[in-house]
Amino acid sequence: MIEFRLPDVGEGLEEAEIITWLVAEGDEVTRDQPLVEILTDKSQTELPAPYAGQVTRLGGAEGDILKVGDLVATIDDGSDGDDTGSGVAVGATNRAGSSPPRPGGRPKASPVVRRRAGEAGIDLTEVVGTGPGGRILVTDLDSAMASAAQEPSPAPVAVPSPAHPTTPVVAPTPAYRTPPPGPAEYGVHPLRGIRRVTAQHMERAWSQIPHIHGFDELDATELVATRHRLKTAAGPDAPNITLMALFVIAAARALRAHPLMNASIDTEAGTIAVHEDVHIGIAVATPDGLVVPVITHADRRGVVGMAAEIGRLSTSARDRSITSAELRGGTFTVTNYGSMGGRFAAPIIRPPEAGIVGFGAIKQQPMVVDGEVLARPTLPIVVGADHRLIDGDVSTSFQEHVVASLSDPTLLLLER
């Protein structure tokens with residue numbers, strides 16, 4: 001009998017939330033078969049079985065929080081006596097195959113598959129899973145969605161026309177906006193998942209960091225034109241060169257010129273760490289909440305490489321395949337709330353970082369150009385700084401560097 005306990009994988013992991021059980025008590029599992037999906041520091045991962053055998057006990061329910069060392073599951077491997085597993089199996093015998101899906105009960109599927117199924121209106125109880133233990137994979141869902149798409153659609157409903165009562169017209173399909181993410185039903189909801197982790201991080205940030213913010217607007221005429229030329233020159237097969245790629249490059253170059261903005265303060269230790277590497281986190285909105293993957297060595301990347309990395313990390317964040325390593329080590333953060341249409345905001349700094357820069361939506365606004373008031377595409381920018389470490393002169397100088405770079409994006413292509 002093996003007691004499999006939550007292992008200490010390092011990187012500051014203290015606890016994990018049970019997201020989805022991929023097995024049930026009584027199931028036969030093989031070694032390395034996924035047992036459970038857990039959430040650690042906004043990244044979701046699977047814990048594999050360290051031994052083959054029969055699952056005799058699960059260590060908690062979905063939504064429970066496990067500390068390092070807590071029981072994940074008990075597996076009967078056919079040996080005598082008790083043993084404790086830490087997540088690494090050595091010399092385990094593989095005596096059992098994957099168990100077939102059992103009728104009834106909750107289908108085995110990851111949150112990503114469940115969310116996609118809900119959006120597509122697919123009943124997972126009617127989908128045949130080809131994964132271990134009958135688990136429903138993304139490919140299984142794609143096949144089910146393809147089959148559903150081949151079914152004939154209901155005919156449009158004909159209703160009388162007010163002007164011509166005898167002439168039927170097709171009733172238009174109403175257009176609805178996508179509902180906001182998060183709990184939508186009235187009532188009390190448990191604080192779980194990414195929202196729980198976000199709440200912990202933001203409580204720490206707001207209680208520990210005295211924020212100062214600086215606001216400005218810049219003429220984005222050349223920025224918009226440059227992005228268009230870059231996309232055209234790169235061609236259709238190149239990564240999508242978004243404004244975010246140019247924002248991150250501008251911030252990275254400004255951090256090189258203002259190293260104190262790329263620093264961390266530890267008041268308990270009485271130290272200031274000025275980081276040599278520039279690792280920029282990018283805020284990505286997902287259906288489950290905000291996730292901030294980190295672009296390593298952002299100051300060394302060109303436009304195409306930056307665009308490719310942003311696209312890769314954003315996709316991984318949204319489909320919940322992002323790893324813990326890709327969420328750690330940031331020294332500064334860039335957020336583009338303008339992608340949602342917002343203009344001005346005061347973003348919160350992520351500890352232990354000392355700064356953050358945010359960008360709003362580009363909109364036509366009156367601006368003085370060569371003594372004339374003209375309509376120009378304007379880009380709002382805000383810089384937040386930790387006032388324990390950074391004074392207004394440093395944050396303002398950093399902000400002006402970013403403004404100058406984005407006002408004349410040629411500088412971004414020349415600087416290294």
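Note that the structure is predicted; figures quoted are calculated from it, not measured.
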message: I need the L223 CG to L406 CG distance, nearest 0.5 Å.
response: 5.5 Å
query: Judged by atom type as modelled, is there a donor-acceptor pair below 3.5 Å linking the side chain of T331 to the main-chain atoms of H279?
result: yes
- prompt: Taking N262 for the side chain and H275 for the main chain, is one N or O donor matched with an acceptor at less than 3.5 Å?
  reply: yes
- line: All heavy atoms of A345 vs all of V382, minimum pair found to be O-CG1, 3.4 Å
query: Are any non-hydrogen side-chain atoms of I390 and M261 less than 4.5 angstrom apart?
result: yes
- request: Kindly say whether G289 contributes a backbone atom to a donor-acceptor pair with the side chain of T286 at under 3.5 angstrom?
  value: yes
- prompt: Taking side chain as C-beta onward, heavy atoms only, is K231 less than 4.5 Å from N240?
  reply: yes
message: Does I322 form a side-chain contact (heavy atoms from CB on, under 4.5 Å) with L313? I'd like the steps, not just the answer.
response: CA-CA 7 Å; I322 196 84; L313 290 173; 4.0 Å; yes
query: Do S324 and T45 have side chains that get closer than 4.5 Å, going by heavy atoms?
result: no
task: Please answer whether the main-chain N or O of T74 pairs with a side-chain N or O of R57 as donor and acceptor at a distance below 3.5 Å.
output: no
- prompt: Got a second to check how far F344's CZ is from I381's CD1, nearest 0.5 Å?
  reply: 11.0 Å
message: Quick check for you: to the nearest 0.5 Å, what is the distance between D393 atom CG and H258 atom NE2?
response: 9.5 Å
- prompt: Quick one: are D266 and P352 in side-chain contact, heavy atoms under 4.5 Å?
  reply: no
message: Looking at every heavy atom in both F332 and V357, which two are closest together, and how far apart are they?
response: CE2-CG1, 3.6 Å
- prompt: Nearest heavy-atom pair of T335 and P347: which atoms, and what distance?
  reply: CG2-CB, 4.1 Å
- prompt: What do the steps show when you test D140 against V128 for side-chain contact (heavy atoms from CB on, under 4.5 Å), and what is the final call?
  reply: CA-CA 7 Å; D140 301 327; V128 177; over 6 Å; no
query: Given side chains that start at C-beta, do those of E37 and L22 come closer than 4.5 Å, heavy atoms only?
result: yes
- prompt: Can you tell if the side chain of L255 reaches within under 4.5 Å of the side chain of F398, non-hydrogen atoms only?
  reply: yes
CZ-NE2 distance between R350 and H201, expressed to the nearest 0.5 angstrom: 8.5 Å
task: Decide yes or no on salt bridge (charged side-chain N to carboxylate O under 4.0 Å, His left out) for R376 and E217, but give the supporting numbers first.
output: CA-CA 11 Å; R376 291 281 195 169; E217 280 187 298; over 6 Å; no
query: Just checking, is any N or O donor in the side chain of T56 or D76 under 3.5 Å from an acceptor N or O on the other one?
result: no
query: Atom CZ in F359, atom CG in L218: separation rounded to 0.5 Å?
result: 8.0 Å
- request: Answer whether the closest heavy-atom distance between the side chains of N336 and T242 falls below 4.5 Å.
  value: no
message: On a heavy-atom basis, which atom in L58 and which in A24 lie closest, and how many Å separate them?
response: CD1-CA, 4.4 Å
query: Within a reach of under 6.0 Å around NE2 of H297, are more than 12 heavy atoms found that belong to other residues, nucleotides or ligands?
result: yes
message: Is it the case that over 12 heavy atoms from other parts of the model lie below 6.0 angstrom from the CD atom of E203?
response: no
query: Quick check, are the ring centers of H387 and H211 under 6.0 angstrom apart?
result: no
message: For the backbone of D219 and the side chain of T378, can you confirm whether one donor and one acceptor N or O come within less than 3.5 Å of each other?
response: no
query: Testing V36, L47, I65 for side-chain contact (heavy atoms from CB on, under 4.5 Å) with I18, which one passes?
result: V36
message: Surrounding CZ of R388 (heavy atoms of other residues, nucleotides or ligands, distance under 6.0 Å), is the total greater than 12?
response: yes
message: For a quick test of reading the model, state the closest non-hydrogen atom pair linking I349 to A385 and the distance between them.
response: CD1-C, 3.3 Å
- request: Decide side-chain contact (heavy atoms from CB on, under 4.5 Å) for L66 and V72; before the verdict, give the C-alpha distance in whole Å, the side-chain angles of both, and the deciding distance to 0.1 Å.
  value: CA-CA 8 Å; L66 299 181; V72 175; 4.2 Å; yes
query: Do T125 and D123 pass the side chain to side chain donor-acceptor pair (under 3.5 Å) test, and can you show the C-alpha distance, the side-chain angles, and the key distance before you say yes or no?
result: CA-CA 5 Å; T125 60; D123 184 357; 2.7 Å; yes
- prompt: What closest approach, in Å, do D32 and P48 show between heavy atoms, and which atom pair accounts for it?
  reply: O-CB, 3.6 Å
message: Within the 3.5 Å criterion, strictly below it, is a donor on T226 or R229 matched to an acceptor on the partner's side chain?
response: yes
field: Any L260 side-chain heavy atom under 4.5 Å of L389 side chain
entry: yes
query: When you check the side-chain N and O atoms of T333 and E353, is any donor under 3.5 Å from an acceptor?
result: yes
task: Keeping the roles fixed (side chain from R196, backbone from L191), state whether a donor-acceptor pair exists under 3.5 Å.
output: no
task: Measure from the side-chain N and O atoms of E17 to the backbone N and O of G193, and report whether any donor-acceptor pair falls under 3.5 Å.
output: yes
field: Distance in Å, E309 CD paired with T296 OG1, rounded so as to fall on 0.5 Å steps
entry: 6.0 Å
Worked verdict on F247 versus L379 for side-chain contact (heavy atoms from CB on, under 4.5 Å): CA-CA 11 Å; F247 294 161; L379 171 66; 3.7 Å; yes
- prompt: E62 side chain to W21 main-chain N or O, any donor-acceptor pair under 3.5 Å?
  reply: yes
